[in-house]
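Quick notes on the structure that follows.
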There are 2 protein chains.
Amino acid sequence: MPKQTFLNLAEEKRQRIIEVALEEFASHPYSKASLSNIVARAGIAKGSMYQYFHDKKDLYIYLLDLAAKEKLAYIQKGVDPYANFFTLLEQIILAGIRFNLENPRLGQVVANAMEYKGEEVLQEFFERGKEMSLQFFEGMLQQARDRGTIRKDLDSRLLAYVLLGILGSGLSEYLLDTMGISRREFLTNTALGEKFSEEDLGRVTSKVIHLLRNGMEAKE
Amino acid sequence: MPKQTFLNLAEEKRQRIIEVALEEFASHPYSKASLSNIVARAGIAKGSMYQYFHDKKDLYIYLLDLAAKEKLAYIQKGVDPYANFFTLLEQIILAGIRFNLENPRLGQVVANAMEYKGEEVLQEFFERGKEMSLQFFEGMLQQARDRGTIRKDLDSRLLAYVLLGILGSGLSEYLLDTMGISRREFLTNTALGEKFSEEDLGRVTSKVIHLLRNGMEAKE
DNA sequence: CGGTCACATGACTCCTTAGTCACATTATAT
DNA sequence: ATATAATGTGACTAAGGAGTCATGTGACCG
């Protein structure tokens with residue numbers, strides 16, 4: 001939790017700090033992200049940072065929490081929770097990648113948290129977040145199974161892992177790849193996400209849904 | 001490339017260094033992995049390490065290369081390259097997770113390399129490796145498409161990303177999860193992989209194949 | 001025995017990091 | 001105007017990192 005001081009800050013300043021810090025954590029692994037670097041780029045003193053946050057971990061968790069909440073809100077906004085399973089899943093996937101393209105830093109911070117191994121300080125925290133995502137998908141899958149939308153013999157936990165893997169960053173990576181954009185460019189040049197049209201995203205999403213729905217096998 | 005000195009080393013000593021270094025790199029992100037730590041645990045002097053390798057990156061790349069080659073060889077050994085697509089894929093998946101369970105450190109080092117973002121020094125190297133894996137799957141997929149095993153309308157590049165995501169570490173994570181083993185335990189206690197029977201692995205693999213083949217949708 | 005070469009060593013340099021603290025500045029309230 | 005509280009500051013500490021180097025050890029060869 002950030003200290004009260006940070007919350008009292010002028011909107012503009014607070015936002016600047018968040019921006020700069022996000023950029024740092026999006027483009028470096030936690031242990032390599034540098035507070036000295038952040039304060040320099042944000043134009044504030046090192047000591048000030050410690051008036052705002054207890055320590056590096058506190059700052060990071062604040063940002064991660066922020067990013068996760070924004071992404072979640074974004075997805076919920078673009079989704080009809082009463083739609084049938086595949087429609088819902090399609091909307092989730094579409095909103096997920098759109099969010100990542102519109103908010104490269106936020107998206108990257110969340111994606112990193114899902115994948116980073118070996119950051120001992122944060123292990124516990126990451127696991128909680130991952131478990132929450134898994135359970136979300138599991139719930140969705142079980143409901144769809146009860147309703148007969150998907151096959152009964154599917155292992156919903158395993159599927160949740162698969163979905164999370166695809167959603168996590170696989171898809172966004174694929175998209176950047178098709179456009180020949182490196183992640184490095186993507187994080188520094190925020191406007192690059194606009195290269196993707198809504199049709200691009202829709203097409204990719206529907207391919208994924210089609211795959212998940214029908215599988216790969218050619219049926220004669 | 002390691003220096004000649006390293007290759008001249010007594011087998012036993014060389015192996016010990018490799019073991020210790022692998023453990024360090026498997027359980028810490030590259031930037032946090034510590035040479036001082038490695039040499040201390042391997043019982044050699046810091047200076048000696050620099051008689052063996054040019055620098056940290058050199059050591060890491062040597063290990064990653066080793067791990068990747070071993071995994072590849074392991075998979076090739078357990079696979080019939082003339083089998084049909086789904087059989088081949090099943091064998092690859094099975095061998096892949098078996099390798100990860102039998103060689104936790106090696107498997108983890110490879111998996112980390114696939115996912116780590118923001119390690120600027122290694123970006124280029126990682127991308128080469130990832131691209132190779134993608135192309136391997138793409139080739140496989142295109143061949144299957146030509147033979148009519150899988151549908152023509154599938155995007156093989158996209159599918160390659162999906163497969164890589166599943167293979168990469170998703171499945172091994174799922175397996176550890178089902179047994180309630182944390183990655184941390186798994187990396188320190190090498191024998192833990194034996195908890196999984198060949199049947200466990202076979203069952204999970206066939207579930208994945210079934211999913212990829214037929215999709216999730218309930219067909220009446 | 002002496003000399004040469006390969007390998008071993010750990011104290012050392014230099015750098016960067018997270019985090020601190022005594023002090024300066026500004027805002028608020030009386 | 002004065003007092004009190006809230007913010008801001010950057011030089012500083014301590015710890016740890018990668019990488020170096022002068023010196024030591026031992027093996028082999030003549």
What side-chain donor-acceptor pairs closer than 3.5 Å can you find for residues 106-114 of chain B, not counting sequence neighbours?
| residue | atom | partner | partner atom | Å |
| --- | --- | --- | --- | --- |
| Q108(B) | NE2 | N112(B) | OD1 | 2.9 |

Just checking K3(A): does its NZ atom have more than 12 heavy atoms from other residues, nucleotides or ligands closer to it than 6.0 angstrom? yes
For atom [atom1] of [X] and atom [atom2] of [N], their distance in whole Å:
X: M49(B); N: dG10(C); atom1: CE; atom2: P; result: 15 Å
X: I44(B); N: dA11(C); atom1: CD1; atom2: C1'; result: 17 Å
X: Y60(B); N: dA18(D); atom1: OH; atom2: C1'; result: 17 Å
X: Q51(B); N: dG10(C); atom1: CD; atom2: P; result: 13 Å
X: I38(B); N: dG17(D); atom1: CD1; atom2: C1'; result: 12 Å

Excluding sequence neighbours, so at least two apart, what forms ring pair (Phe, Tyr, Trp, His ring centres under 6.0 Å) with [X]?
X: F99(B); result: Y74(B)
X: Y60(B); result: F25(B), Y30(B)
X: F53(B); result: F6(B), Y62(B)

Give every residue pair that meets the ring pair (Phe, Tyr, Trp, His ring centres under 6.0 Å) criterion with at least one member in residues 158-180 of chain B, sequence neighbours excluded. Y161(A)-Y174(B), Y174(A)-Y161(B)
Is the closest basic N to carboxylate O distance between E12(A) and R16(A) below 4.0 Å? yes
Salt bridge between K130(A) and E127(A), side-chain N to carboxylate O under 4.0 Å? no
Is Y52(B) close enough to dA8(C) that one of its side-chain N or O atoms is under 4.0 Å from OP1 or OP2 there? yes
Verify the contact: side-chain N or O of S48(A) to OP1 or OP2 of dT9(D), cut-off strictly under 4.0 Å; return yes or no. yes
Return yes if a side-chain donor-acceptor contact under 3.5 Å exists between E19(B) and Q15(B), otherwise no. no
Donor-acceptor pair between E119(A) and S31(A) side chains, under 3.5 angstrom: yes
Name all stems that contain residues of DNA chain C, defined as runs of 3 or more consecutive Watson-Crick or G-U wobble pairs, both distances under 3.5 Å. C:1-30 with D:1-30
Residues at least two apart in sequence or cross-chain that pass salt bridge (Lys or Arg N to Asp or Glu O under 4.0 Å) with D55(A), listed by chain then number, are none
Contacts of R41(B) that satisfy salt bridge (Lys or Arg N to Asp or Glu O under 4.0 Å) - sequence neighbours left out: E23(B), E24(B)
Which pairs, with at least one residue in residues 159-168 of chain B and sequence neighbours excluded, count as a salt bridge (Lys or Arg N to Asp or Glu O under 4.0 Å)? none
For nucleotides 28-30 of chain C, tabulate all protein N/O to nucleotide N/O atom pairs closer than 3.5 Å, reporting atom names and distance.
none

Heavy atoms under 4.0 Å, any strand shown: does F53(A) hit a base, just sugar-phosphate, or nothing? nothing
Anything under 3.5 Å between a protein N or O and an N or O of nucleotides 17-19 of chain C, put it in a table, one pair a line.
| residue | atom | partner | partner atom | Å |
| --- | --- | --- | --- | --- |
| dT17(C) | OP1 | S34(A) | OG | 3.3 |
| dA18(C) | OP1 | A33(A) | O | 3.1 |
| dA18(C) | OP1 | L35(A) | N | 3.4 |
| dA18(C) | OP1 | K56(A) | NZ | 3.2 |
| dA18(C) | OP2 | L35(A) | N | 3.0 |
| dA18(C) | N7 | K46(A) | NZ | 3.0 |
| dG19(C) | OP2 | Y50(A) | OH | 3.1 |
| dG19(C) | OP2 | K56(A) | N | 2.8 |
| dG19(C) | N7 | K46(A) | NZ | 3.3 |
| dG19(C) | O6 | K46(A) | NZ | 3.3 |

Those residues of residues 5-25 of chain B lying under 4.0 Å from DNA chain D by at least one heavy atom: none
